[in-house]
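Take a look at the structure below.
The sequence lines fix the lettering, A, B, ..., with proteins before strands; numbering per chain opens at 1. Source: prediction; values computed, not measured.
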Protein chains: 2
Amino acid sequence: MSDHPAPPTLDDVARAAGVSTATVSRCLNDPKMVSAPTRERVDSAIKTLGYTPNFAARFMAVQRTFTVGAIIPTMENAIFARGLQAFQEELHHHGYTLLVSSSAYQAEAEEEQVRALVARGADGLLLIGYDRDQALYDYLQRQRVPVLAAWSFDPDAAIPSIGFDNRSAMRALTTQVLGMGHTRVAMISAHSAENDRARMRIEGARIAMEQNGLSADDLYVVEVSYDINEGAEAFKTLMTGPNRPSLVLCGNDVLAVGAMRGAAELGLSVPDDVSITGFDDIELAQVVTPALTTVHVPHRQMGRLAAQQLVDMIENKTDGAGKELESHVVMRGSVAEPRS
Amino acid sequence: MSDHPAPPTLDDVARAAGVSTATVSRCLNDPKMVSAPTRERVDSAIKTLGYTPNFAARFMAVQRTFTVGAIIPTMENAIFARGLQAFQEELHHHGYTLLVSSSAYQAEAEEEQVRALVARGADGLLLIGYDRDQALYDYLQRQRVPVLAAWSFDPDAAIPSIGFDNRSAMRALTTQVLGMGHTRVAMISAHSAENDRARMRIEGARIAMEQNGLSADDLYVVEVSYDINEGAEAFKTLMTGPNRPSLVLCGNDVLAVGAMRGAAELGLSVPDDVSITGFDDIELAQVVTPALTTVHVPHRQMGRLAAQQLVDMIENKTDGAGKELESHVVMRGSVAEPRS
DNA sequence: CGGCAGTATGTAAGCGCTTGCATTTTCAAT
DNA sequence: ATTGAAAATGCAAGCGCTTACATACTGCCG
């Protein structure tokens, strides 16, 4: 009815301004190539027509999208939020746009998302951790898409990574808490099968056990999904079963907060009846009562560096060296000496 | 060095399989049009080449992406997470992919994202609330992109919306808590200027004040950003100022949790010294101690319905009627009668 | 005043895919 | 065998943009 039957194209703008499409294109991408008067005519045509360049068409023409994709395991909690935020801010500085999707901690879903992002022309990809099928790495390599892993660091992995040493971080935390005298300890972890971070954290806890005169086998580990409710349930099972622990290490803050809720539901006091620790130091950790003893991870720094590194990989075709960041233990109210 | 210098294209596959590109394309999009033997040859060529169709090229050819975009104010907390999750699950059922981006509660950022999503060929858009520049709506209309608003419901808005009545929800909550006898009440709200949800919640609280024999002007409102720390600071200012309230209504759960942290920092007990309420009923609300009295919002239902509606708008070019959902007050430990 | 930079603009060839239409193949019925 | 309808495949245009190259204008120098 009204104006145009379809959204305006470069061609429409060109016609309206009485110039060629090339001129309009230049106006958009490199204005100084165009004389002032024509530029004005073109600009006003663009404005009155409400023209937005078609991204796909531009992509086809230049084979670059200035877009990077990130696939995170979940958006449901804040674990990746802060880091991702910093990642995207830094990308923005470099003129890139971020596309995010989540895999729900499932390998096939992740693979699907990777393909979707590649098909959409992502210039580079950020993945979490490095545990995944070799075939996926092969695919990515064939597609010439640079990939960077974050939230984990492993100099020997197939792809460069920016992150911290989950194993030694968990070891440090465990050692410190064991120092208070705990001997009956359990751990609530995420499923470790395809999750290097979960696996490393368990290992770290085990190592700490041994270094503190306990047996690694005495660490009873139960694996659940990263979810507050599952954390609460697992905790309750743990505490109502035989050989009740005095210390429950949790794979991350979300599980730990779940455990704390579980404790409340059982009428147990934290830390008097049982000590609980988390991992990540997300906002949640400081909001619960008592506040959570956890491992503080440099989320923002990690996101920022990841963006820098990835952009570098994209633009200079370098392979990127990866970088290990420091994490540190934060002692708060959720741990205490065990009851005698 | 290795295989191909560049990622394989349809053409490469066609050549490898000894057929035309048309056949390969049909193999991908409508396999039953192709005879079994050729299909096998094509499929194996695709596999050995590691071919992924180029999304942009397909988009150009068919002018449809089966992608919808959603722009939410923030990913930093869980406010939109659950609803968005349901939204994307439902979209998936209908064969659509979701692209998410966040505006950081800033109008220009949102506009930028809208354009980016449109440029990327989103078939439809989900926005939060309906408060935005008319020019943006005009633009969207010219681009022929269906838009749906969520988290708010207003039958008279420029675009169809799926959500609840923020005003009456807040009125119900406030009325219920005022019934306990509070007379000195304050509210910590998000900035209401370009946020209809915040504005309606304030209005709802005011209406409840009047209906309960208080003056709407007596509701002291302080506006901050949706952020735990800001909530804590605002709360502390409120409580250390003159005319200290016995009830602090918060615009959402995040602010309320911030307020609770503020109370802890001041050494005030909730709800004995002061009652606090939230809005949204995100996970956080049940994790803090005491648990938060708040308004429960049907996040998942809203997300699901929004997806259905939007798909319908896209596929049938209907205008969509919108739908109002019910919310309800959840009384928990964070409120009590005021001290006498 | 011819000619030559230099600047501004236009022309047209793709980028990788889909799809209407034309062409070839297949195969059952004569 | 012959034929024709149906099934399978190929051809080629075109989706909206960029960009190398060609062309058309400026002045300005000799």
Side-chain angles (χ1 to χ4, degrees), chain A residues 4-43 45-46 49-67 115 118-121 123 143-144, chain B residues 4-43 45-46 49-67 115-116 118-123 143-144:
Chain A
H4 231 57
T9 69
L10 234 213
D11 229 78
D12 297 323
V13 176
R15 210 166 310 125
V19 300
S20 74
T21 60
T23 300
V24 180
S25 175
R26 285 190 276 256
C27 232
L28 256 28
N29 302 305
D30 196 357
K32 54 179 160 298
M33 287 192 73
V34 172
S35 73
T38 17
R39 198 185 321 145
E40 271 167 34
R41 255 179 319 141
V42 171
D43 284 346
I46 288 179
L49 258 46
Y51 166 77
T52 310
N54 180 313
F55 184 81
R58 168 184 263 139
F59 169 35
M60 291 225 50
V62 301
Q63 301 287 320
R64 278 285 260 109
T65 58
F66 285 94
T67 293
R115 287 183 181 270
V118 168
R120 280 191 153 74
D123 293 336
Q143 295 280 343
R144 313 268 137 129
Chain B
H4 232 57
T9 71
L10 235 212
D11 228 76
D12 297 322
V13 176
R15 209 165 312 123
V19 299
S20 76
T21 61
T23 300
V24 179
S25 174
R26 284 190 275 258
C27 230
L28 255 29
N29 302 305
D30 196 357
K32 54 180 161 296
M33 287 191 72
V34 173
S35 73
T38 18
R39 196 184 325 142
E40 272 167 33
R41 254 180 320 141
V42 172
D43 284 346
I46 288 179
L49 258 48
Y51 167 76
T52 309
N54 179 314
F55 185 82
R58 167 184 265 141
F59 169 36
M60 292 226 50
V62 302
Q63 301 289 327
R64 274 294 260 90
T65 59
F66 285 93
T67 294
R115 287 182 181 270
V118 168
R120 280 190 153 75
D123 293 336
Q143 295 280 343
R144 312 271 135 128

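- In this structure, A:Ala17 and A:Ala45 approach most closely via the heavy-atom pair CB-CB, 4.0 Å.
- A side-chain contact (heavy atoms from CB on, under 4.5 Å) with A:Tyr51 is found for one member of A:Leu28, A:Asp12, A:Val42 and no other, namely A:Leu28.
- Distance B:Arg64 CZ to C:dT18 C1': 14 Å, rounded to the nearest Å.
- Between the CG atom of A:Asp30 and the P atom of C:dT7 there is a distance of 13 Å, given to the nearest Å.
- Residue A:Asn29 places at least one side-chain N or O under 4.0 Å from the OP1 or OP2 atom of D:dT18.
- Not one N or O on the side chain of A:Gln143 forms a donor-acceptor pair closer than 3.5 Å with the backbone of A:Ala119.
- One can place CG of B:Leu28 at 7 Å from P of C:dT18, the figure rounded to the nearest angstrom.
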Can you list, pair by pair, the side-chain donor-acceptor contacts under 3.5 Å of residues 30-37 of chain A, counting residues two or more places apart and other chains?
unit_1	atom_1	unit_2	atom_2	d
A:Asp30	OD1	A:Lys32	NZ	3.4
A:Ser35	OG	A:Thr38	OG1	2.5

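- D:dC17 atom P lies 13 Å from atom CZ of A:Phe55, rounded to whole Å.
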How does protein contact run along nucleotides 5-12 of chain D, one letter per nucleotide 5' to 3', with B for base contact, S for sugar-phosphate only, - for none, heavy atoms under 4.0 Å? ---SBBB-

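- A straight line from CG of B:Leu10 to P of D:dG14 spans 20 Å, rounded to a whole angstrom.
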Give the intermediate values and the outcome of side chain to side chain contact (heavy atoms under 4.5 Å, CB included) for residues A:Thr67 and A:Arg120. CA-CA 9 Å; A:Thr67 293; A:Arg120 280 191 153 74; over 6 Å; no

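- Atom CG of A:Leu49 and atom OG1 of A:Thr9 lie 9.0 Å apart (nearest 0.5 Å).
- For the helix from C:dC1-D:dG30 to C:dT30-D:dA1, the axis fitted to the five pairs at one end and the axis fitted to the five pairs at the other end meet at an angle of 60° (nearest 10 degrees).
- Residues B:Gly50 and B:Pro8 approach most closely at O-CG, 3.8 Å, considering heavy atoms.
- For B:Gln63 against B:Met60, the heavy-atom pair with the smallest separation is NE2-O, 3.1 Å.
- Separating the CG atom of A:Asp11 from the C1' atom of D:dC17 is a distance of 10 Å, rounded to the nearest angstrom.
- The interatomic distance linking A:Asn54 (CG) with C:dC17 (C1') rounds to 14 Å, in whole Å.
- In this model, no donor atom of one side chain and acceptor atom of the other lie less than 3.5 Å apart for B:Thr21 and B:Asp11.
- Between A:Pro37 and A:Val62, it is A:Pro37 whose nearest contact on DNA chain C lies nearer the 5' terminus.
- As a whole-Å value, the separation of B:Arg58 CZ from D:dG16 C1' is 18 Å.
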